[in-house]
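Report on the structure given below.
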Amino acid sequence: MAWVLLAAAGLLEVGWSVGMKFTEGFTRLWPSVFTVAGIVASMLLLAQAARTLPIGTAYGVWVGIGAAGAAVLGMTVLGEPATAARVFFICLLLVAVVGLKATSGH
């Protein structure tokens with residue numbers, strides 16, 4: 001169950017990190033409200049998952065999902081450059097996430 005919570009926390013991190021782009025420095029009300037709600041929900045789920053998972057693993061996986069997801073959405077939705085180097089390093093992030101899960105002992 002902790003891994004499901006952690007995956008949900010990571011997906012929420014993707015949502016709030018991309019959502020920050022639309023807050024315009026937290027000057028737009030509804031994008032800001034949704035972004036803050038995503039931050040809080042993501043942190044609560046991370047905290048819950050970290051009750052049973054090692055914190056280094058939980059935090060690393062959470063950050064990896066968030067960073068890779070935000071980068072992919074940036075390239076596919078927000079028009080950021082999709083170079084071979086960026087795709088390669090996103091793949092490295094995903095390998096690291098899988099490696100952390102595989103070696104966590106949970």
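Position 1 is the first residue of the sequence, and the numbers go up from there.
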Hydrophobic cluster identity match, Trp3 and Val97, side-chain contacts under 4.5 Å: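 Linked within one cluster.
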Within one Ile-Leu-Val-Met-Phe-Trp-Tyr cluster: Ile90 and Val63, side-chain cutoff 4.5 Å: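 Result: no, two separate clusters.
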How about [X] and [Y]: do any of their side-chain heavy atoms sit closer than 4.5 Å?
X     : Y     : result
Thr23 : Arg28 : no
Phe26 : Val36 : yes
Val14 : Leu73 : yes
Tyr59 : Pro54 : no

Residue pairs passing the salt bridge (Lys or Arg N to Asp or Glu O under 4.0 Å) test where at least one lies in residues 91-106, sequence neighbours excluded: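 Qualifying pairs: none.
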Summary of salt bridge (Lys or Arg N to Asp or Glu O under 4.0 Å) pairs that have at least one residue in residues 67-89, sequence neighbours excluded: Glu80-Arg86
Straight-line distance of Ile39 CD1 to Trp16 CH2, nearest 0.5 Å: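 Between atom CD1 of Ile39 and atom CH2 of Trp16 there are 5.0 Å.
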Qualifying residue, where the test is side chain to side chain contact (heavy atoms under 4.5 Å, CB included) with Leu53 and the options are Leu46, Leu6, Val61: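 So, applying the side chain to side chain contact (heavy atoms under 4.5 Å, CB included) to Leu53 and each of Leu46, Leu6, Val61, only Leu6 qualifies.
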For Ala9 against Leu45, the heavy-atom pair lying closest together: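 Looking at all heavy atoms of both residues, the closest pair is CB-CB, 3.6 Å.
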Distance-minimising heavy-atom pair for Ala49 and Ala2: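 Closest approach of Ala49 to Ala2, heavy atoms only: CB-O, 3.5 Å.
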Side chain to side chain donor-acceptor pair (under 3.5 Å) involving Ser42 - partner list, sequence neighbours excluded: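 Side chain to side chain donor-acceptor pair (under 3.5 Å) list for Ser42, sorted by chain: Trp62.
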